[in-house]
Every structure is written in C-alpha cells, then in structure tokens.
Amino acid sequence: MSEDELLALIGRHLPASTAHVPTGDDCTVLAPTGQVAVSTDILVENVHFRTDWSSGADVGWRCVMQNVADAASMRARPMSLVVAMTIPEYVSADWVEDFSIGLGESCDYLSQLTGPIAIDGGDMSRGPIIVASGTVLGDMEGREPVLRSGARPGDLVIHTGNLGASARGLELLGQGRTGDETLLFRRPVPPVDLALAVPATAMMDVSDGLVRDSRRIAKKSGVAINLDSQIISEIASPGVTLEQALTGGEDHGFLATVRDGSVPSGWTIIGTVSEGSGVTVDGVSPTELGGWDHFAG
C-alpha cells in the first residue's frame, strides 16, 4: 500500500481532532487554553514488546498510554499526540491497521476520563524492526506544573494505579502464558484523572520501578524517602511479589508527595518524606538500584 493509502486506512479508526489545524498539513496547530506540556516516548520491537506476545492494537494502546502518563504527571491534560513509526517489510497492512485501532481505542478510553484527545499527525518510514514513537501535547489549563523537585520533609508519599502488574505479566509471558493475567503488561491503564486532581508537591509516573522513581524524586527534591513494604504488598496487583512491586516498571501508575492531610480518594499512603537523601524500604537501603534502565551494564 502507498503512504496515502495507509494514512487513509489509519484515519478511519481515529477520533475527531480538537486541533485548530488537524492532521493533513506539515504542522498541527493547537488551540490550548493554557500552557502546553510536551513529552515523547518510544516502543521498540523485541525491546518493549514482541509480536508473538502483543497484537498491533496492544502496541498502539501502549504507545498512547505511556505518553499520556508523562503529561498527567505534570498535571497537564493530554489533548494531542503525534506518532512516528518504522514499518519493516515483513509487517502487513493488517498489522498497521490493528495498531491504529489500538491508538483509537486508547484515545476513546481517555476521552471518557479527561476530555477529547486525538492523534494529530506523525511520520512513517521503512526500517528493520517495528518502532513506534509518540509525542504527547498536554494542556495545563491554568494549573501550575508539578515537578519532581517539590517534595519537602513532612510530606507523605502516595501512589495510585497498578503496582507490579506489568512485571508480573511480563514474567507470565516469558513462561508462555498469554491470558488475561498478562493484559496489564500489554495494555497499561494509567489513572490520569486522579493525577490531574491530586494536590501534589511532587509527582511522576512509575515507568521504571517504584524504588528507582522514588530515588528520582528524592534526588531532585533533596530529601529522603522511606517506603512501607507492608502497605506496598497490600496494594500490589494480585500475584505480584514484593520485589516486582518495588522494582517492576511500565505500570504507569503515579507516585506523588503531598502535605499531611491532603490525600485524596483513590490514592494510598506508601511512605514518608524526611530530611536526608536517598530511598529506604522499612528504614533499610535497598541493596540494588531496582527498576529498568535500558543502558545499564
């Protein structure tokens, strides 16, 4: 199929655009009501997914969700994405269409939570493997961005969303199981509506593991964070070990700090912030960094 034919195929499955100048031109011109937050994330075949584990729709879903989680962690409402792909010769037009269906399904889901979100363009090219890169544009809607550097001694550490489900799903896929228990690895569901409403002093999405991402907040804020393993075990997804809950990535839940007395519904207190540095679990420093790092030796 030609590029125009593929674009027409994909476009049949996407929601209506809210942009001033939508897809079809060289640029998309947005009409936000406030400041725009921008983030990008990428999915690489045989690194983030395998085609014998995940359908094209699963990959399209993940492409959107991992990007909107970054926007929501800044308290920006996701409103638009552009998506770039490399498509190898061995990939059929049916797989590309299935990928676009996943994009549309995730956008439809998010639109029910936080308002309209669209795919407003992108690019495609031949390549040796499948690569899908999404860039999200989020509208701050007058809210101040929540940074990683805002945690202060006396704050509470809170979490919302799945914890360890993606790591558990990956483990089961490695064992040859592809049932519903692997769904949250293939299709994470970040609670973006809860992230937009939380009165956080610091926040980020948990993409690389709870311990690793807690360290990022602690370092940027110049504080110490202590996590409570008992509570974390209680809120972890079914079948998840404590190690998976502490170190597993790609759940795309949210980790935040709030002032005492500011914990909203849907969030759980999992630790505390104090003076000092680093992250401990039950007062003990983890022996390993934990979490996912593409470039670690």
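Side chains included, hydrogens not; waters and symmetry mates left out as well; all remaining heavy atoms used. Index from 1, following the sequence.
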Non-hydrogen atoms of [X] and [Y] that approach each other most closely:
X	Y	result
A236	A245	CB-CB, 4.0 Å
I117	C107	CG2-O, 3.5 Å
S207	D213	N-OD2, 3.1 Å
D58	W53	OD2-O, 4.4 Å
L9	A93	CD2-O, 3.9 Å
P78	V136	CB-CG2, 4.2 Å

Under a 3.5 Å distance rule, please check whether [X] uses its side chain to pair with a backbone N or O of [Y] as donor and acceptor.
X	Y	value
S221	A218	no
S54	V59	no
S262	V258	no
R126	P88	yes
D282	V284	no
S133	T40	no
W61	P188	yes
T86	A132	no
D228	I270	no
D155	T201	no

Answer whether the closest heavy-atom distance between the side chains of [X] and [Y] falls below 4.5 Å.
X	Y	answer
I10	M124	yes
P264	P199	yes
Q66	L43	yes
I129	Y90	yes
L173	T178	yes
D70	D41	yes
F99	V91	no
E181	R168	no

Do [X] and [Y] belong to the same hydrophobic cluster, where Ile, Leu, Val, Met, Phe, Trp and Tyr are linked whenever their side-chain heavy atoms lie under 4.5 Å apart, directly or via other members?
X	Y	value
F185	L246	no
L170	V240	no
I119	I42	yes
I231	V273	yes
L7	I101	no

Applying side chain to side chain donor-acceptor pair (under 3.5 Å), run through R186 and T182 and close with a yes or a no. CA-CA 7 Å; R186 295 182 285 113; T182 70; 3.1 Å; yes
Inter-residue atom distance [X].[atom1] - [Y].[atom2], 0.5 Å rounding:
X	Y	atom1	atom2	result
M79	T114	CE	OG1	11.5 Å
D108	L14	CG	CG	9.5 Å
R77	R143	CZ	CZ	8.5 Å
D208	T247	CG	OG1	11.5 Å
L255	S214	CG	OG	4.5 Å
M140	L196	CE	CG	9.0 Å

Y109 six-ring face occupied by R187 cation (under 6.0 Å, within 45°): no
Looking only at the side chains, is there a donor atom on one of T280 and N226 sitting less than 3.5 Å from an acceptor on the other? yes
Verify the neighbour count for atom [atom1] of [X]: are there more than 12 heavy atoms of other residues, nucleotides or ligands below 6.0 Å?
X	atom1	answer
E89	CD	no
D180	CG	no
E144	CD	no
E243	CD	no

Between I130 and I87, is a side-chain contact (heavy atoms from CB on, under 4.5 Å) present by the stated rule, with each step listed? CA-CA 5 Å; I130 303 168; I87 305 173; over 6 Å; no
Report the C-alpha distance between F254 and L194 in whole Å, list the side-chain angles of each, state the deciding distance to 0.1 Å, and finish with yes or no for side-chain contact (heavy atoms from CB on, under 4.5 Å). CA-CA 9 Å; F254 296 97; L194 297 182; over 6 Å; no
Test log, rule side chain to side chain donor-acceptor pair (under 3.5 Å), inputs S17 and D120: CA-CA 7 Å; S17 175; D120 285 308; 2.6 Å; yes
Listed partners of L184 passing side-chain contact (heavy atoms from CB on, under 4.5 Å), at least two apart: N162, A165, V189
Yes or no on side-chain contact (heavy atoms from CB on, under 4.5 Å) for N46 and V44, after CA distance, side-chain angles and deciding distance? CA-CA 6 Å; N46 298 324; V44 179; over 6 Å; no
In terms of side-chain geometry, is the basic nitrogen of E250 or R62 positioned less than 4.0 Å from the acidic oxygen of its partner? yes
Would you sort out whether S73 and D205 count as a side chain to side chain donor-acceptor pair (under 3.5 Å), showing the intermediate values? CA-CA 6 Å; S73 69; D205 84 303; 5.0 Å; no
Test log, rule side-chain contact (heavy atoms from CB on, under 4.5 Å), inputs V157 and T272: CA-CA 5 Å; V157 181; T272 55; 5.6 Å; no
